Q: 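I'd like to ask you about the structure that follows.
Bear in mind the structure is a predicted one, so any value in this text is a computation, not a measurement. Every number for a ligand or one of its atoms is a count from 1 in the order of the listing.
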Amino acid sequence: MSDLKPPRPVALVTGSTSGIGEAIARRLSHEGYAVILHSRSSVETGRVLARELGNAAYVQADLSVDADRVRLVREATARWGRLDVLVNNAGISQVIPHADLAAATPDVWHTLHEVNVVAPFRLVAEAESALREAAARGKAGCVVNVSSHAGVRPKGASIPYAATKAALNHVTRLLALSLAPAIRVNAVAPGLVDTPLTADWTQARQLWQDRAPMRRSAGPEEIAQVVAMLVASDYLTGEILLADGGLNLT
Ligand SMILES: NC(=O)c1ccc[n+]([C@@H]2O[C@H](COP(=O)([O-])OP(=O)(O)OC[C@H]3O[C@@H](n4cnc5c(N)ncnc54)[C@H](OP(=O)(O)O)[C@@H]3O)[C@@H](O)[C@H]2O)c1
């Protein structure tokens, strides 16, 4: 069964049927990784993409459910008997004007927190032993969390969303400290990226055109490039890499 154990490293990219996650999966596949694709409900899209990429497999799991998180890591690791890279990309957002405190209900807080903070942490916990084995093979295991500029600056789709990304940034640094040197943990914090999630965010797009030094929002493949840089590194850990076209400078 040699085809089940390619010598190539294996990367699990959550939320990889759309937007930034799909671009990351394509990029890592292009760079020689076997890729585990994942999503919550877009099963057919995931299967088609897996066939298109080759050396890829798709696993469905709802990251708001802990049993699904555990199963996802188990199935991803079992597919080729190893896991070298975990990209915690899947995330959800809700647009709520920051001044509308009543609209940011406890339900909104809990839902966003489960998917954007608890799930990435739990996936790292479940993948820890497999990622440590990567280090034993000669290259540290690698986690990249997809955060947001909203977790760094007092901005973003809503206060609960921004708070989840700030929490994810802190979790990134705490895990980097706890898991080094066997596992590196970093985050990329994108500004506005053109994906289905932001398709109708016209005001934000205008803001980037008017104010960002790069004068535009990012393409998903440009965030994938940053993720690939973090994955390729042998030394970076605990970094939160802002990728916002320089908007934070203004
Ligand atoms: N787009 C931006 O401007 C921007 C900026 C900063 C940060 N980010 C972050 O980047 C990440 C990706 O964003 P995107 O814009 O590429 O989003 P997207 O196009 O909406 O894609 C989200 C992906 O995550 C999956 N997903 C969502 N909820 C899930 C759940 N409960 N369980 C499992 N999978 C789930 C989706 O699967 P299904 O389609 O099957 O539901 C989909 O594959 C997110 O963490 C987001 O917060 C985005």
Q: Quick one: which ligand 1 atoms are inside 4.0 Å of a heavy atom on Ser42?
A: 38 (P), 39 (O), 40 (O)
Q: Provide the full list of salt bridge (charged side-chain N to carboxylate O under 4.0 Å, His left out) pairs with a residue in residues 110-125, sequence neighbours left out, each pair given once.
A: Asp66-Arg122, Arg69-Glu114, Arg122-Glu126
Q: Considering only NZ, NE, NH1 and NH2 on the basic side and carboxylate oxygens on the acidic side, decide whether Arg205 and Asp194 come within less than 4.0 Å.
A: yes
Q: So which heavy atom in the protein is nearest atom 15 (O) of ligand 1, and how far is it from that ligand atom?
A: Thr195 OG1, 2.6 Å
Q: Within ligand 1, which atoms have a heavy atom of Ile20 less than 4.0 Å away?
A: 10 (O), 16 (O), 48 (C)
Q: Specify side chain, backbone, both or neither for Ala61, according to which of its non-hydrogen atoms lie closer than 4.0 Å to ligand 1.
A: backbone
Q: So between Trp208, Tyr161, Trp201, whose heavy atom ends up nearest atom 46 (C) of ligand 1?
A: Tyr161
Q: Answer yes when Arg132 and Glu128 have at least one side-chain N-carboxylate O distance shorter than 4.0 Å, and no when they do not.
A: yes
Q: Quick one: which of Ala23, Ala157, Gly191, Gly46 has a heavy atom closest to atom 4 (C) of ligand 1?
A: Gly191
Q: Answer yes when Arg27 and Glu22 have at least one side-chain N-carboxylate O distance shorter than 4.0 Å, and no when they do not.
A: no
Q: Using atom types as modelled and distance alone, determine if a side-chain donor or acceptor of His30 lies under 3.5 Å from a backbone N or O of Arg26.
A: no
Q: Side chain, backbone, both or neither: which part of Thr198 has a heavy atom under 4.0 Å from ligand 1?
A: side chain
Q: Which residues satisfy the side chain to side chain donor-acceptor pair (under 3.5 Å) test with Ser29, sequence neighbours excluded?
A: none
Q: Which option wins on minimum heavy-atom distance to atom 17 (O) of ligand 1: Leu197, Thr14, Val13?
A: Leu197
Q: May I ask you to identify the nearest protein heavy atom to atom 24 (O) of ligand 1, giving residue, atom name and distance to one decimal place in Å?
A: Gly15 CA, 3.4 Å
Q: Heavy-atom distances under 4.0 Å are what count here, so tell me which part of His149 touches ligand 1: side chain, backbone, both or neither.
A: neither
Q: For ligand 1, indicate whether the residue Asn89 contacts it via side chain, backbone, both or neither (heavy-atom separation under 4.0 Å).
A: both
Q: Nearest heavy atom to atom 6 (C) of ligand 1: which of Ala25, Pro190, Ser64 does it belong to?
A: Pro190
Q: Could you check whether atom NZ of Lys139 has more than 12 heavy atoms from other residues, nucleotides or ligands sitting under 6.0 Å from it?
A: yes
Q: What part of Ser217 sits under 4.0 Å from ligand 1 if we count only heavy atoms: the side chain, the backbone, both or neither?
A: neither
Q: Tell me which part of Val146 gets within contact of ligand 1: side chain, backbone, both or neither, using heavy atoms under 4.0 Å.
A: both
